*Asks:* 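Sharing a structure below in structure tokens format, with a few things to ask.
Predicted, not measured: the structure shown is a model, and the values here were computed from it. All values below come from the heavy atoms of this structure, side chains included, with hydrogens, waters and symmetry mates left out.
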Amino acid sequence: FNDPASNLGLEDIIRKALMGNLEERQE
Amino acid sequence: SRMYLVCPMNTSPQVDPHKSGQDVWEEFSHSFTPAVREVVEFAKKIPGFRELSQHDQVSLLKAGTFEVLVVRFASLFHVKERSVTFLGGQKYSVDALRTMGSGDLLSSMFDFCEKLMNLGLSEEEMSLFMAVVLVSADRSGIENVNSVEALQETLIRALRSLITRNHPNESAIFTKLLLKLPDLRSLNNMHSEQLLAFKVH
């Protein structure tokens, strides 16, 4: 419970939304 | 005892008493997800944000999304008529929301939004301010503080120059805007506590 953003699924939404361009960067 | 979800990011504060906690949460999550995605898209457009490490991009967004949303949706809080428009489009009076259990967070949100709207900022100024809110080197878990700090300084300089250019006779606006940053932090903390209480409940 020390990290509400992770517990509430926010991190997952953020990672998925970021993923597209993060993959571009890794290429 | 009837449960309410008095967050304007929710479609409506009414919660179907027949739904399980998990279902209620999923429905709520479904309603705020597009707004969170919007913040991520906004972040991607901040010059220099994509150059930060993946870890720091995620950390900044995790810590700052709520604060960016408060600024972005400040216009949902109607100070004069003391009401709030929920994302479903329905308006609720502060008194009605109070009977549903809203407390200090709602009053603090009203104070904040009133002061922010009174500054009369343009859309461009608001966007740059949201970028400054998001790129804060003192968020927890940042691994490359120097890079975030450098980007934060660039954004603050750009905000100062934009405000000075647009409001040459109101030099206090920039200072007032920077003083909003700690106010947003405290709203963020209050909000986290309420989410936690909701989750525990």
*Asks:* Please identify each residue that fulfils salt bridge (Lys or Arg N to Asp or Glu O under 4.0 Å) with B/Glu81, with sequence neighbours left out.
*Replies:* B/Lys91
*Asks:* Supply the atom-to-atom distance B/Lys62 NZ to A/Leu10 CG, rounded to the nearest 0.5 angstrom.
*Replies:* 8.5 Å
*Asks:* Look at atom CZ of B/Arg98 and say whether more than 12 heavy atoms of other residues, nucleotides or ligands are closer to it than 6.0 Å.
*Replies:* yes
*Asks:* To the nearest 0.5 Å, what is the distance between CD1 on A/Ile13 and CG on B/Leu61?
*Replies:* 11.5 Å
*Asks:* List the atom of B/Arg37, the atom of A/Ala17, and the distance in Å for their closest heavy-atom pair.
*Replies:* CG-CB, 4.4 Å
*Asks:* Quick one: which residue pairs count as a ring pair (Phe, Tyr, Trp, His ring centres under 6.0 Å) with a foot in residues 51-81 of chain B, not counting sequence neighbours?
*Replies:* B/Phe66-B/His191, B/Phe77-B/Phe110
*Asks:* CG of B/Asp104: more than 12 outside heavy atoms within 6.0 angstrom?
*Replies:* no
*Asks:* A side-chain contact here means heavy atoms from C-beta on lying under 4.5 Å apart; do A/Leu18 and B/Gln54 qualify?
*Replies:* no
*Asks:* With a 4.5 angstrom heavy-atom cut-off, which part of B/Thr65 approaches chain A: side chain, backbone, both or neither?
*Replies:* side chain
